[in-house]
Each structure stands twice: as structure tokens, then as C-alpha cells.
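Take a look at the following structure, please.
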Amino acid sequence: MVPGGLPALGAKYHGRYGRDTTGDEIGATYERVRAEIAATPAVLTAGTTYTAGDLDLRYLEAMYRSARFPGAATDLAALRAVVDQPGHRATEEQTRVLVDGVVPQRDLTCRGVPLPDPTF
């Protein structure tokens with residue numbers, strides 16, 4: 001179930017975030033998208049995945065910090081398009097949107113020289 005009162009908030013900003021116009025529609029979209037990526041995670045262009053747990057985390061953050069709502073709504077809109085694609089493969093633009101809020105940006109260089117991959 002989608003956390004808190006976020007479906008109603010999403011419906012309020014329908015024009016900005018997508019085609020759902022009521023809280024019930026947004027809740028149904030969240031549940032559909034979450035079920036799809038729980039079964040087969042979204043594959044981002046960098047080879048990483050976006051899972052149901054990532055979506056849950058975005059919405060839990062949004063529930064407790066309203067400044068996080070735009071990111072959660074944007075992710076749901078991008079994921080809605082990704083799950084409709086074969087293999088749940090994200091485009092470059094969709095990956096940029098999804099990675100922006102979930103995968104921390106890391107500088108893996110030292111004065112412009114790439115660092116070696118760590119071996120475990």
C-alpha cells in the first residue's frame with residue numbers, strides 16, 4: 001500500500017507528475033509499478049537496478065519530509081514508463097531521473113585519475 005496521504009498530494013499536482021488525477025488512481029499506479037519491479041527490477045543503463053525497496057524508500061522519505069515528494073512523484077512517473085518497456089529497461093533519460101535521487105553521486109577519481117575498482 002502506498003504510504004500516507006501521498007496519493008492525495010500527487011493528485012493535487014496531477015498536471016506536473018502524470019496522468020493520474022485522483023488519489024485512488026495514484027495508489028493503483030504505485031501498487032502496479034511496485035508489483036512489476038518486485039517481480040523484475042527496472043534495469044538502468046548503468047547496469048544497476050531500481051527495486052521495489054528503492055521505491056518504498058523514496059515514498060517513506062516523502063512521507064516524513066515533504067521536500068522529498070517531488071523526487072518520489074518523478075520516480076513513479078519514470079517507473080510507470082519503464083515497466084511498460086520490454087525487460088523493464090530504462091532509457092538514458094529515465095536512468096538520469098531515477099539515479100538522481102537513489103544512487104549517491106560518487107567521485108571515483110583522484111585529481112582526475114580514475115581510482116581502481118576495490119577488490120573484496
ask   = What pair of heavy atoms forms the shortest contact from Q94 to A81, and how long is it?
value =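 Heavy atoms only, the tightest pair is NE2-CB, 3.4 Å.
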
ask   = Are the side chains of E36 and V82 in touch, meaning some heavy atoms are under 4.5 Å apart?
value =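 Not touching, per the 4.5 Å side-chain cut-off.
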
request  = Could you tell me whether a side-chain N or O of D54 sits under 3.5 Å from a main-chain N or O of T51, the two making a donor and an acceptor?
outcome  =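 Indeed, once roles are kept as given, a pair shorter than 3.5 Å links the two residues.
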
ask   = Is any side-chain heavy atom of L55 closer than 4.5 Å to a side-chain heavy atom of Y30?
value =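 When only atoms from C-beta onward are counted, Y30 and L55 do touch, with a gap below 4.5 Å.
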
task = Begin from the C-alpha positions of E31 and R34 and carry the test salt bridge (charged side-chain N to carboxylate O under 4.0 Å, His left out) through to its verdict.
result = CA-CA 5 Å; E31 293 299 334; R34 190 188 185 291; 6.0 Å; no

inquiry  = Quick one: does any side-chain atom of T95 pair with a main-chain N or O of T45 as donor and acceptor, under 3.5 Å?
reply    =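 Here the side-chain-to-backbone pair exists.
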
Straight-line distance of T29 OG1 to L76 CG, nearest 0.5 Å =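 The CG atom of L76 is 6.5 Å from OG1 of T29, to the nearest 0.5 Å.
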
ask   = Can you tell me how far CG of L44 sits from CD of E92, rounded to the nearest 0.5 angstrom?
value =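 If I round to the nearest 0.5 Å, the distance is 10.0 Å.
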
inquiry  = Give me the atom names and distance for the closest heavy-atom approach of A42 to I37.
reply    =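 Minimum heavy-atom separation between A42 and I37: N-CG2, 4.0 Å.
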
query = Which heavy-atom pair separates Q85 from T91 by the least distance, and what is that distance?
reply =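 Result for this residue pair: OE1-CG2, 4.0 Å.
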
task = Please report the C-alpha distance between R58 and Y50 in whole Å, then the side-chain angles of each, then the deciding distance to 0.1 Å, and finally whether the side chain to side chain contact (heavy atoms under 4.5 Å, CB included) criterion is met.
result = CA-CA 11 Å; R58 290 292 276 172; Y50 193 107; 3.4 Å; yes

message = Please report the interatomic distance OG1(T49) to CG(L98), rounded to the nearest 0.5 Å.
response =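 Rounded to the nearest 0.5 Å, the OG1-CG separation comes out at 11.0 Å.
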
